[in-house]
Amino acid sequence: MWRRRDLTRHRWLLRALVVAAPMGFICTEAGWIVTEVGRQPWIIHGVMKTADAVTPMPGLIVPFLTFTALYCALGVVVAWLLYQQVLRSPHTTEEEAA
Amino acid sequence: VSLAIGPAELVAGIALVALNAYVLLGGADFGGGVWDLLASGPRKREQRALVAEAIGPIWEANHVWLILVVVLLFTCFPPAFARLAVVLHIPLSLMLIGIVLRGSAFTFRSHYGRGPGDAADASHYWGRIFAIASGGTPVLLGLCVGALAGPGLPRPAGGGFYATYVAPWLTLFGVTVGVLALCLFAFLAAVYLTLETEDPALREDWRRRALGSAGAVFVVAFGALGLALAENLHMGRGLTEGPAAAPLHVATGLAALTAIGALWRRRYRLARVAAAGQVSLILWGWALGQYPYLIPPDLTIRAAAAPRITLVLVLWALAAGALVLFPSLVYLFRVFKRQPA
């Protein structure tokens with residue numbers, strides 16, 4: 001009785017799926033950021049300050065910028081590839097679905 | 001040198017076993033990338049396809065061993081980890097970039113060129129990045145090992161930037177060990193690849209490459225040993241004077257000759273066992289050569305070890321983890337590495 005309609009034609013379900021898809025990633029990342037930022041200025045709470053833990057090598061801006069640029073570039077590539085995958089997914093017309 | 005085995009030595013030994021597994025499994029993946037770069041002859045395309053097929057499903061799993069080594073270092077030997085991370089900051093960062101680029105390029109390459117209207121060029125460029133990162137990363141790994149094994153990594157004594165962060169690892173001996181690592185990984189990959197195909201012509205390609213890289217290993221390994229002796233490095237003395245030195249050299253030599261002989265006579269299964277044995281013995285020779293030092297010239301395994309309770313807890317955790325890890329790995333290899341029937 002409750003499966004009156006084909007699930008793939010349930011517009012609100014589909015919309016919810018689109019919203020839910022990235023939620024897992026966002027939650028993981030958000031939780032991570034909360035623990036990392038919330039712990040400051042400690043790297044180990046009550047034991048060692050972040051400023052005392054950092055490597056003494058001067059010029060840390062260079063690796064920081066390098067890794068940031070690397071992951072931004074990889075992020076762009078991943079987004080573009082996912083976009084291509086979506087474009088390429090089989091199109092189901094209304095008649096086929098019916 | 002007395003061989004007293006406590007929890008510290010036990011953990012160090014396990015870290016060495018994990019490094020050995022990484023070299024035999026992950027190393028061959030890097031070597032595969034090198035052969036992608038050097039693909040040549042009439043079966044160029046088939047060579048690249050076989051490398052991709054052989055690496056495909058398992059390369060990420062192989063990094064489990066490197067992660068284990070890193071975790072064991074920072075939980076059980078924090079002063080050693082701190083010194084490595086500070087002094088080897090530049091090669092370790094570059095190595096990390098190499099590993100990341102290599103893995104992503106490998107994945108990206110297989111996602112391009114799947115549909116009409118795709119730029120075949122894009123796939124080609126990702127292939128280049130994959131191959132170049134595959135070749136550069138082992139050299140960097142070897143540079144780090146060479147820095148440890150050669151002059152050692154003394155506590156930074158407040159010199160300039162170059163003296164503290166570059167000079168310790170950028171040595172002739174370090175570069176030689178880097179090239180040796182590259183040759184060893186390429187050799188392993190070529191030997192493994194002889195067993196990954198049923199095509200006789202393709203198999204001959206890998207046999208020739210395996211024999212060629214075995215020769216390169218021979219030359220570079222003796223070059224490294226000669227340098228270690230000429231520069232009177234800690235490693236050179238450990239490799240020639242210790243009580244285990246002679247048997248170890250004999251065993252390594254026998255494994256090398258068996259590998260070459262088996263390749264020559266096309267007995268590929270024997271060649272695979274002998275090649276893996278040879279590479280492992282070289283690794284254990286390094287470890288034995290610098291025992292009891294974790295970081296020559298001054299930091300021993302005992303001196304760098306965390307408090308006993310940490311080591312004991314880690315050993316229990318390792319035992320529990322092994323119960324999960326080993327069956328999973330066996331299953332993974334059974335699923336993806338079944339011999340072609």
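Residue numbers begin at 1 in each chain, while the letters A, B, ... track the order of the sequences.
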Novice: Is there a side-chain contact between A:Phe67 and B:Ile97 (heavy atoms, below 4.5 Å)?
Specialist: yes
Novice: Side chain to side chain contact (heavy atoms under 4.5 Å, CB included) for A:Val78 and B:Phe108? Distances and angles first, verdict last.
Specialist: CA-CA 8 Å; A:Val78 168; B:Phe108 293 161; 3.8 Å; yes
Novice: In residues 160-170 of chain B, which residues are in contact with chain A at a heavy-atom separation under 4.5 Å?
Specialist: B:Phe161, B:Tyr165
Novice: Report the distance from atom CG of A:Leu81 to atom OG1 of B:Thr107, rounding to the nearest 0.5 Å.
Specialist: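 Going from CG on A:Leu81 over to OG1 on B:Thr107, the span is 10.0 Å.
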Novice: Compile the donor-acceptor pairs under 3.5 Å between side chains in residues 127-137 of chain B and protein atoms, sequence neighbours left out, one pair per line.
Specialist:
{"unit_1": "B:Ser134", "atom_1": "OG", "unit_2": "B:Arg102", "atom_2": "NE", "d": "2.9"}
{"unit_1": "B:Ser134", "atom_1": "OG", "unit_2": "B:Phe130", "atom_2": "O", "d": "2.7"}
{"unit_1": "B:Thr137", "atom_1": "OG1", "unit_2": "B:Ala133", "atom_2": "O", "d": "2.6"}

Novice: Hey, could you give me the CG/CG distance between A:Leu70 and B:Leu96, rounded to the nearest 0.5 Å?
Specialist: 9.0 Å
Novice: Against chain A, label B:Val87 side chain, backbone, both or neither, depending on which of its atoms sit under 4.5 Å from a heavy atom there.
Specialist: neither
Novice: Give me the contact list for residues 39-63 of chain A versus chain B, heavy atoms only, anything under 4.5 Å, ordered by residue number.
Specialist: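 Residues in range: A:Thr55, A:Pro56, A:Met57, A:Pro58, A:Leu60, A:Pro63.
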Novice: With a strict 4.5 Å heavy-atom criterion, list every residue of residues 12-38 of chain A that contacts chain B, or say none.
Specialist: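 Checking residues 12-38 of chain A against chain B gives no residue, so none.
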